[in-house]
Amino acid sequence: MNDLVTLFSEYSYLIFVLLLAGASVGFLAGLFGVGGGAISVPAFYEVFLRLGYSSDLAMPIAVGTSLAVIIPISISSALGHKRKGTLEPYILKIWAFPIFSGVAFGAVIASFAAPKLFQTVFAAVSALIAFRLLTGIGRKAIAEQLPSRSIMSVFGFFIGLLSAIMGIGGGALSTIYLSLYNVSIHRAVSTSAAVGAIISVPGTVGYIVAGLWVDGLPPGNLGFVSILTFIIFIPTSLVTTKFGVKLAHKLSKRSLEMLFGSFLLCVSFRFFNAILL
């Protein structure tokens with residue numbers, strides 16, 4: 001009897017963590033135009049370790065599952081921002097294929113890369129973005145308009161590549177890039193929400209395929225994607241996305257930057273700590 005109570009308590013705690021993370025990710029997706037991987041990846045990683053997954057499996061499954069949950073969240077967020085009239089379809093047309101290609105390449109890397117690579121890339125990129133947002137260094141636009149289609153395509157490829165490795169929707173990376181070219185933070189956030197959809201679909205497929213022939217995957221997994229985690233996570237995230245969208249359009253540019261930078265800095269510290277241990 002005591003064993004059953006302990007088991008129920010353990011799983012109730014894990015489900016609560018996933019529901020809370022889902023609510024947080026949905027809100028941040030609407031607020032910052034991100035897919036929420038900065039929350040979902042570490043949350044999934046901790047939950048999977050508690051469930052007894054080996055560290056070699058916990059990280060790629062956390063990344064793959066994160067990309068899967070980003071699909072409905074990013075679509076919901078993008079539609080919300082589109083209704084506000086701040087989404088830029090011209091940018092999405094340029095980036096669609098390059099980002100898709102970058103994601104595909106990143107998924108291939110994920111099939112043989114060491115787990116530490118995921119953690120190191122995630123932490124380093126998050127720290128750089130946070131530093132820029134909080135200090136204001138490099139915050140001034142480097143040009144008054146977007147560069148040529150070819151240059152944007154190159155950066156689109158790397159946004160897709162890094163996002164696939166980190167398990168994020170690419171919103172943080174694309175927002176920073178667009179702000180360098182005098183795109184307002186609100187329009188950058190709105191457009192970046194749609195970038196998540198472009199990245200998450202091929203990224204999810206890539207992680208599923210990459211994990212199909214891996215030995216020792218837990219029950220209920222489809223490659224490196226945990227189906228049960230996806231089902232538990234999504235409901236609360238979709239409910240809170242609309243609240244994030246509303247707040248994003250009420251905040252000033254600097255307030256939005258400071259909030260996002262603070263959040264990324266905390267996440268970066270958490271992963272650097274995991275790498276050093």
Side-chain angles (χ1 to χ4, degrees), residues 17 19-44 66 69-70 73-74 76-88 122-141 159 162-163 166-196 199-200 233 236-273:
V17 169
L19 291 174
L20 182 61
S24 301
V25 166
F27 181 76
L28 289 176
L31 180 61
F32 297 131
V34 301
I39 283 183
S40 58
V41 170
F44 291 161
S66 174
V69 301
I70 287 171
I73 293 173
S74 59
S76 175
S77 177
L79 291 175
H81 285 288
K82 183 180 180 181
R83 286 191 287 270
K84 297 289 185 178
T86 51
L87 191 146
E88 298 285 356
F122 192 93
V125 174
S126 296
L128 287 173
I129 294 173
F131 177 78
R132 180 180 179 276
L133 289 174
L134 293 173
T135 64
I137 295 176
R139 196 158 51 88
K140 184 179 179 181
I159 288 172
L162 290 173
S163 298
M166 292 189 294
I168 62 174
L173 302 176
S174 56
T175 296
I176 294 300
Y177 178 79
L178 292 175
S179 66
L180 289 173
Y181 290 94
N182 206 35
V183 177
S184 72
I185 185 65
H186 292 90
R187 290 190 176 276
V189 164
S190 300
T191 305
S192 295
V195 168
I199 288 174
S200 56
F233 193 86
T236 53
S237 63
L238 292 179
V239 170
T240 56
T241 298
K242 60 183 179 181
F243 297 112
V245 171
K246 289 181 180 180
L247 180 58
H249 288 270
K250 291 181 179 179
L251 291 173
S252 68
K253 173 183 177 181
R254 190 60 186 141
S255 296
L256 202 54
E257 290 175 341
M258 291 295 290
L259 283 173
F260 193 27
S262 300
F263 164 69
L264 286 179
L265 192 62
C266 292
V267 172
S268 179
F269 281 147
R270 182 256 176 267
F271 269 93
F272 274 128
N273 182 60

Please name all residues satisfying side-chain contact (heavy atoms from CB on, under 4.5 Å) with [X], sequence neighbours left out, ordered by chain then number.
X	result
Ser76	Leu238, Thr241
Leu19	Ile15, Ile232, Thr236
Ser262	Leu134

Shortest non-hydrogen contact from [X] to [Y]?
X	Y	value
His249	Thr86	CE1-OG1, 3.3 Å
Gly22	Thr240	O-OG1, 4.1 Å
Gly196	Ser74	C-OG, 3.5 Å
Ala194	Leu87	CB-CD1, 4.0 Å

Parallel, tilted or perpendicular: ring planes of Phe44 versus Phe233, cut at 30 and 60 degrees: perpendicular
Heavy-atom check, side chain of Thr191 versus side chain of Val183, under 4.5 Å: no
Value rounded to 0.5 Å, distance of CZ in Arg83 from NE2 in His81: 10.5 Å
Distance (rounded to the nearest 0.5 Å) between Ser77 OG and Ile70 CD1: 11.5 Å
Expected output: side-chain Ser192 to main-chain Thr175 donor-acceptor under 3.5 Å: yes
